[in-house]
Amino acid sequence: MRIARWAWLLLLPLLAVLGLFLFGLGDLVWSSFAGPDGPGLDLYRQFFARADYIDVLLRTLWVAALTTVVSLFISYPVAYFVARYQGRRDWLLVLILLPWLVSVVVRTFGWIVILGNRGLLNGFLAWLGVIDGPVRLIFNTTGVVIGLVHVFCPFMILAILAVFLQLERALEEASMSLGAGPLETFWRVVLPLSLPGVISGVMLVYLMSTGAIITPLLLGGLRDRMLGTQIYQEMFQLFDFPKAATLAVILTVTAFVVVLPLQWLERRVSRNLKGAA
């Protein structure tokens, strides 16, 4: 009884971290309303009055969406293969998680070596006679998307794999025993039941892609800035903290405009699947 009475003290470290987070978030939002004449919307009006900032915001959302779609198309079959693999599945998980043991900076520089004008890929294509000159694969949107997909694919794979591991193989066997082929079984059984994991992975990768800094900074060009790199520049190069706070608030709001409907969809899909079961 005495242990239960004082158990709430174990939550104090968590409450302290949560309090610091909320304080920092509140200070960030308050800083975005700072102005020479007191609090106001001057910084927000300046942002939406500049076409280059609007282009950076739209490019950020486009790159995040493209990264999410490419990651989904790569991760879904990988997660399905791992879930249905009959051998040592833990070795496959190690291969999936192995990139996390290497710094993002190191992985990004690795892509520069591979995708550069004199990199491995261009050298191999030139050796095959496919190209006459180097193909520009970095310092543009293509390089940024490739780098982000490499960084965030494991998150998508694990989110989908967590759902696949809970699916009974007997459901697929029952579908095929009723006359459905492999494609129909996948379309009518496997895909609907895996949608909660897909939506979770999409939300996770999209949110992280919108706030990416290192990969766009190293693989993107001067015309391919994203809002995360713009925030980095405003804070650490120009030391304009109010403007950086404004960009951060705008980035957070636009990201959640996409994520909140996805959360509602995930809850609805999960509820429908539980009702059907």
Side-chain angles (χ1 to χ4, degrees), residues 56 59-82 85 88-127 131 134-162 197-198 200-237 248 251 255 259:
V56 170
R59 187 180 302 110
T60 300
L61 301 180
W62 162 246
V63 170
L66 187 58
T67 300
T68 304
V69 171
V70 175
S71 299
L72 177 59
F73 276 98
I74 294 175
S75 302
Y76 194 94
V78 173
Y80 184 82
F81 174 78
V82 174
Y85 186 65
R88 293 286 302 274
R89 191 183 298 153
D90 51 345
W91 288 108
L92 297 179
L93 292 176
V94 168
L95 291 177
I96 293 172
L97 300 177
L98 196 60
W100 286 353
L101 302 179
V102 182
S103 168
V104 176
V105 177
V106 175
R107 282 182 279 171
T108 304
F109 274 111
W111 280 113
I112 294 177
V113 173
I114 296 173
L115 302 177
N117 290 341
R118 297 184 179 180
L120 297 177
L121 184 57
N122 273 308
F124 180 69
L125 294 176
W127 179 74
I131 58 175
V135 180
R136 191 164 177 261
L137 297 174
I138 57 173
F139 307 130
N140 54 19
T141 302
T142 302
V144 173
V145 171
I146 292 175
L148 291 178
V149 167
H150 179 232
V151 172
F152 296 138
C153 250
F155 294 96
M156 181 79 76
I157 293 173
L158 293 180
I160 301 175
L161 180 61
V198 170
S200 298
V202 166
M203 289 190 297
L204 190 62
V205 173
Y206 182 82
L207 277 177
M208 292 189 296
S209 299
T210 56
I213 297 176
I214 296 177
T215 302
L217 196 63
L218 296 178
L219 294 179
L222 295 176
R223 298 182 180 179
D224 298 279
R225 290 179 301 168
M226 294 178 62
L227 212 53
T229 58
Q230 187 67 38
I231 294 171
Y232 175 87
Q233 180 181 357
E234 297 291 343
M235 287 189 62
F236 296 104
Q237 296 181 6
L251 177 61
V259 170

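In what follows, every heavy atom counts, from backbone to side chain, and hydrogens, waters and symmetry copies are set aside.
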Got a sec, which residues hit side-chain hydrogen bond (donor to acceptor under 3.5 Å, both in side chains) with [X], two or more places apart in sequence or on another chain?
X: Thr108; result: none
X: Tyr232; result: none
X: Tyr80; result: Glu172
X: Arg59; result: none

Residues that [X] engages under side chain to side chain contact (heavy atoms under 4.5 Å, CB included), provided they are two or more places apart:
X: Val78; answer: Val82, Ile96, Ile157
X: Leu97; answer: Trp100, Leu158
X: Phe73; answer: Val69
X: Pro77; answer: none

Nearest heavy atoms of [X] and [Y], plus distance in Å:
X: Gly197; Y: Ile160; result: O-CG1, 3.9 Å
X: Met226; Y: Val56; result: C-CG1, 3.6 Å
X: Pro216; Y: Thr229; result: CB-CG2, 3.8 Å
X: Pro99; Y: Leu95; result: CD-O, 3.6 Å
X: Ala79; Y: Leu161; result: O-CD1, 3.5 Å
X: Ile112; Y: Leu219; result: CG1-CD2, 3.5 Å

Legend entry - With sequence neighbours excluded, residues passing ring-ring contact (aromatic ring centres under 6.0 Å, His included) with Phe81: Tyr85
Inset, instruction - Using the side chain to side chain donor-acceptor pair (under 3.5 Å) rule, collect all pairs that involve residues 204-219, keeping only residues at least two apart or in two chains. - result: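 Passing the test, one end in residues 204-219: no pairs.
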Legend entry - salt bridge (charged side-chain N to carboxylate O under 4.0 Å, His left out) partners of residues 108-119, not counting sequence neighbours, each pair once: none
I'd like a table of donor-acceptor pairs (distance under 3.5 Å, sequence neighbours excluded) in which one partner is a side-chain atom from residues 137-149, with atom names and distances.
from: Asn140; atom 1: OD1; to: Thr142; atom 2: N; distance (Å): 3.3
from: Asn140; atom 1: OD1; to: Gly143; atom 2: N; distance (Å): 3.0
from: Asn140; atom 1: ND2; to: Arg136; atom 2: O; distance (Å): 3.1
from: Thr141; atom 1: OG1; to: Asp224; atom 2: OD1; distance (Å): 2.9

